Amino acid sequence: MRDTSKLQLLAPDLLLGRIPNPCPVSAQRAIAILKILEDGEWHTAGAIASQLGVKPKYVADILRTCKDAWKLASHTRNGWMLPQKYSSIIV
């Protein structure tokens with residue numbers, strides 16, 4: 001993924017629903033991934049990729065780029081999760 005630094009800068013705004021105009025493709029994909037993660041459940045990069053019709057590596061790259069800004073939880077077997085405000089994470 002070429003525009004990792006741009007996505008790192010945009011990630012906090014995307015979490016708050018602020019979408020840039022024009023919106024880069026990586027940000028559009030990140031928004032789609034964020035919508036999938038909003039349920040607070042665990043999702044693997046492969047499962048997200050199949051929903052979006054992209055490659056799992058691309059999804060994993062976006063997730064790693066946005067991990068800190070979105071405060072994502074990750075687990076080797078379970079995948080990725082966007083913790084809800086009052087949820088407890090049990091792995």
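A quick note: this is a predicted structure, and the numbers were derived from the prediction, not measured. These numbers come from the heavy atoms of this one structure, side chains and all, not from hydrogens, waters or symmetry mates. Residue numbers count from 1 along this sequence.
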Problem - P20 side chain reached by D13 side chain, heavy atoms, under 4.5 Å - result: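 They are not in side-chain contact.
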Exercise for the section: Would you indicate whether the side-chain heavy atoms of S26 and Y58 approach each other to under 4.5 Å? Expected result: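 The answer is yes, as the side chains (C-beta and beyond) meet within the 4.5 Å cut-off.
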Practice task
Test L10 against C23 for side-chain contact (heavy atoms from CB on, under 4.5 Å), laying out the working first.
Solution key: CA-CA 10 Å; L10 291 174; C23 190; over 6 Å; no
Problem - Which atom of G40 lies closest to which atom of M81, heavy atoms considered - result: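 Heavy atoms of G40 and M81 come nearest at O-SD, 3.0 Å.
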Problem - Under 3.5 Å side-chain donor-acceptor pair for K67 and S74 - result: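 Their side chains do contain a donor-acceptor pair, which is all the 3.5 Å distance test asks for.
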Handout entry: Working for side-chain contact (heavy atoms from CB on, under 4.5 Å), residues V59 and T44
Key = CA-CA 9 Å; V59 170; T44 63; over 6 Å; no
Handout entry: same_hphob_cluster(I31, V25) at 4.5 Å side-chain heavy-atom cutoff
Key =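 Shared cluster, yes.
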Handout entry: Verify same cluster id: I19, W70 (apolar side-chain graph, 4.5 Å)
Key =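 Yes, same cluster.
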Taking only distance into account, with no hydrogens and no angle test, what donor-acceptor pairs under 3.5 Å do side-chain atoms of residues 46-54 form with protein atoms, sequence neighbours excluded?
from	atom 1	to	atom 2	distance (Å)
S50	OG	A47	O	2.9

Practice task
Mind running side-chain contact (heavy atoms from CB on, under 4.5 Å) on H43 and L37 for me, showing each step along the way?
Solution key: CA-CA 7 Å; H43 299 273; L37 293 174; 3.8 Å; yes
Spatial distance of atom [atom1] ([X]) from atom [atom2] ([Y]) [nearest 0.5 Å]:
X   : Y   : atom1 : atom2 : answer
Q84 : E41 : CD    : CD    : 8.5 Å
L14 : Q28 : CG    : CD    : 10.5 Å
L82 : L72 : CG    : CG    : 6.0 Å
I33 : E38 : CD1   : CD    : 12.5 Å

Exercise for the section: For W80 and A45, indicate whether the former's side chain and the latter's backbone hold a donor-acceptor pair under 3.5 Å. Expected result: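 No.
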